[in-house]
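Working notes, beginning with the structure itself.
Treat the numbers as computed from the prediction; the structure is a model and nothing was measured. The first residue of the sequence shown is numbered 1, and numbering continues consecutively from there.
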Amino acid sequence: MKRKGQGIRFQLTAGIVLMTIAGIGLVGLMSIKIAERSALQWKLSQAEGIAGFMRASMRLSDGGQGWGGKLAASLADEAGIADFRLTAPDGRQLASSGSMPSGPGKLVYSGSVEAYMYGGSFLTGIGEFMRVSANVPGAGRFEFILSLAEVNEDMAAVRKLLAFYAIIDSIVIIGFGVYFLSRSIVQPLKKLEESAKRIAGGKLYDRADVAVDNEVGSLASSFNSMAERLEDEIKSLERVNLELTTAQDELLRNSTLAAVGRLAAGIAHEIGNPLGALNGYIDILSRGGLDPAEEKEIIGRAARESDRIDSIVRDFLEVARPAKKALFPVDVNSLLRETLEGLSVRADFGGVATDLAFGQGIPHVMAEEGKLRQVFSNIFINAAQAMEGMEKKTITVSTAAESRPAAVKSGRRRGDAPAERLPAPREFVLVSIKDTGAGVQADDSSKIFDPFFTTKEVGKGTGLGLFVSQSIIKAYGGEITFRGADPGSEFTIALPAAEGGA
Ligand SMILES: Nc1ncnc2c1ncn2[C@@H]1O[C@H](COP(=O)(O)OP(=O)(O)OP(=O)(O)O)[C@@H](O)[C@H]1O
Ligand SMILES: [Mg+2]
């Protein structure tokens, strides 16, 4: 699966960049604030110096009223102060120059003088100027304005310098950070990822070549031991799989051989009996001395034995290589009725009642009529024989048409494929033949379609009837199934309906 979004390299780099910028930015801001503070401190001490000088001079002048204004003006002149004001304790203005700001300003210092700041904030730095107010004994209050333009110029230079160092520092820190993270985390993880992909692609022998001494390194070594185990497990699974396939092939070959063996033994046995009898009759005939009537009798018996051999061989040939004869539409209901009528004269059908429940409008099926008659006959005869000696003897025959999914042979079920991809359902004709006989022993129900499986006495059954019937029905694309009924048995034959309906 392709991963979306940024890789770990991008995320780590972004993290380093953000952290560096935040760190360097904070340190820079702190440095600027410290520089502003010390610049302000310098200006304050300047202001204190001026105020102190004013006080000392006033004291020397011994509080002469006229002195104050002159002193203030000349001091302001010396200190380069354009704006000042000297106010007597009674509120009279003794001297002034320039103008005083209208607002009170922000008190930033209160000691031997009071300093008020105008303009400036946390973000924009210190203000534009400062109003200093000092008590002067003998004169009153001396106020003057100190410009901060010089300080602001210095601060701008400091900011530029700090910004320059911040950029250089950031580049160095980010460069080193990215390099170390890449070496210790990103590259090892990349190698791990590539190795995992190669293993997933089938290169089970692949290992991650990661030699870093950290968690990623131990992850890589755990990954490698996992890959080692995976490789071992898969190899052993492949080995087991191979062994199983070989064993299965062997088993299949053996069971096929066994089945062929059983079949051959069955055929040999079935043919052996009439063949033995035939040999006996030939022997009797070759010795001679029989009167014509006896001779005729022996020849008749020999002919019957040879017919038996012929019929067994024919049955088998039919199953092994069904003759490709033309198929015709057959009306199942009529054929069932005719077959039953034909059989009713047989001794084993004495006392057998039939209950016919034929469906209406049943479609024809494509078959060779003779073969289908053979199938029905065999099932009817089996039913009659199973009811021999019983009080109630009923054969119930019912027919119906049913729509079934066409894919019956692959064992596919309805849910396996979307409905639109299933072949169209086919019409089937169902024939159910139920008897009230002794039923099939539970152990035998899986064997009744096997060749030569019979529970009947020698001479009465060869055990080929159902085997041959099944091969006929299968050749027509149908199926024949058995289930126990209570009482008796039920055989169901399903045959595909002829195209185009009845
Ligand atoms: N309707 C039935 N009721 C009880 N058992 C049955 C019935 N049909 C078949 N069987 C059992 O299945 C066995 C096999 O039947 P199948 O028709 O293949 O051979 P068979 O009747 O024994 O001999 P054949 O049909 O070759 O003369 C029977 O011997 C019998 O045990
Ligand atoms: Mg039979």
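Side-chain contact between P188 and K191: absent, with no pair of heavy atoms (C-beta onward) separated by less than 4.5 Å. Side-chain contact between R207 and E228 is present, with heavy atoms from C-beta onward closer than 4.5 Å. Using a 4.5 Å cut-off on side-chain heavy atoms (C-beta onward), F467 and L464 make contact. Side-chain contact between S403 and R426: absent, with no pair of heavy atoms (C-beta onward) separated by less than 4.5 Å. Residues V27 and D169 are not in side-chain contact: their nearest non-hydrogen atoms beyond the backbone lie 4.5 Å or more apart.
Note that CD1 of I379 is 4.5 Å distant from CD1 of I433, once rounded to the nearest 0.5 Å. The line from CE of M130 to NZ of K106 is 12.5 Å long, rounded to the nearest 0.5 Å. Taken from OH in Y476 to CD in E368, the straight-line distance is 4.5 Å, to the nearest 0.5 Å. With rounding to the nearest 0.5 Å, the separation of CD1 in I473 from CD1 in I493 is 5.0 Å.
Atom CG of D213 is surrounded by 12 or fewer heavy atoms from other residues, nucleotides or ligands within 6.0 Å. When the shell of 6.0 Å around CD of E48 is examined, it contains more than 12 heavy atoms from other residues, nucleotides or ligands. Heavy atoms of other residues, nucleotides or ligands lying less than 6.0 angstrom from CE of M100 number more than 12. Around atom CD of E402, more than 12 heavy atoms belonging to other residues, nucleotides or ligands sit under 6.0 Å away. When the shell of 6.0 Å around CD of Q46 is examined, it contains more than 12 heavy atoms from other residues, nucleotides or ligands. Enclosure of atom NZ in K235 is not indicated, since only 12 or fewer non-hydrogen atoms of other residues, nucleotides or ligands lie within 6.0 angstrom. Taking a 6.0 Å sphere around CD of E215, one finds it holds 12 or fewer heavy atoms contributed by other residues, nucleotides or ligands.
The two residues S489 and G439 have their closest heavy-atom pair at OG-CA, 3.5 Å.
One N or O on the side chain of S97 and one on the backbone of A82 form a donor-acceptor pair closer than 3.5 Å. Checking side-chain atoms of T436 against main-chain N and O of P487 turns up no donor-acceptor pair under 3.5 Å. In this structure, S57 contributes its side chain and F53 its backbone to a donor-acceptor pair below 3.5 Å. Judged by distance alone, with hydrogens and angles left aside, the side-chain atoms of D206 form no donor-acceptor pair with the main-chain N or O of I199 at under 3.5 Å. Judged by distance alone, with hydrogens and angles left aside, the side-chain atoms of N214 form a donor-acceptor pair with the main-chain N or O of S184 at under 3.5 Å. A donor-acceptor distance shorter than 3.5 angstrom exists from the side chain of Y118 to the backbone of P104, with no hydrogens or angles considered.
Note on D444 versus K447: salt bridge recorded, some NZ/NE/NH1/NH2 to OD/OE distance being below 4.0 Å. Here E243 does not pair with R239 in a salt bridge; the nearest charged N to carboxylate O distance is not below 4.0 Å.
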### Task
Determine, step by step, whether R253 and E250 satisfy the salt bridge (charged side-chain N to carboxylate O under 4.0 Å, His left out) criterion, reporting the C-alpha distance in whole Å, the side-chain angles of both residues, the deciding distance to 0.1 Å, and the verdict.
CA-CA 5 Å; R253 207 167 34 246; E250 186 91 341; 2.8 Å; yes
#### Entry: Derivation of the salt bridge (charged side-chain N to carboxylate O under 4.0 Å, His left out) call for K33 and E36
CA-CA 5 Å; K33 286 290 152 198; E36 278 176 0; 3.1 Å; yes
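The aromatic rings of F144 and F142 are tilted relative to each other, their planes meeting at an angle between 30° and 60°.
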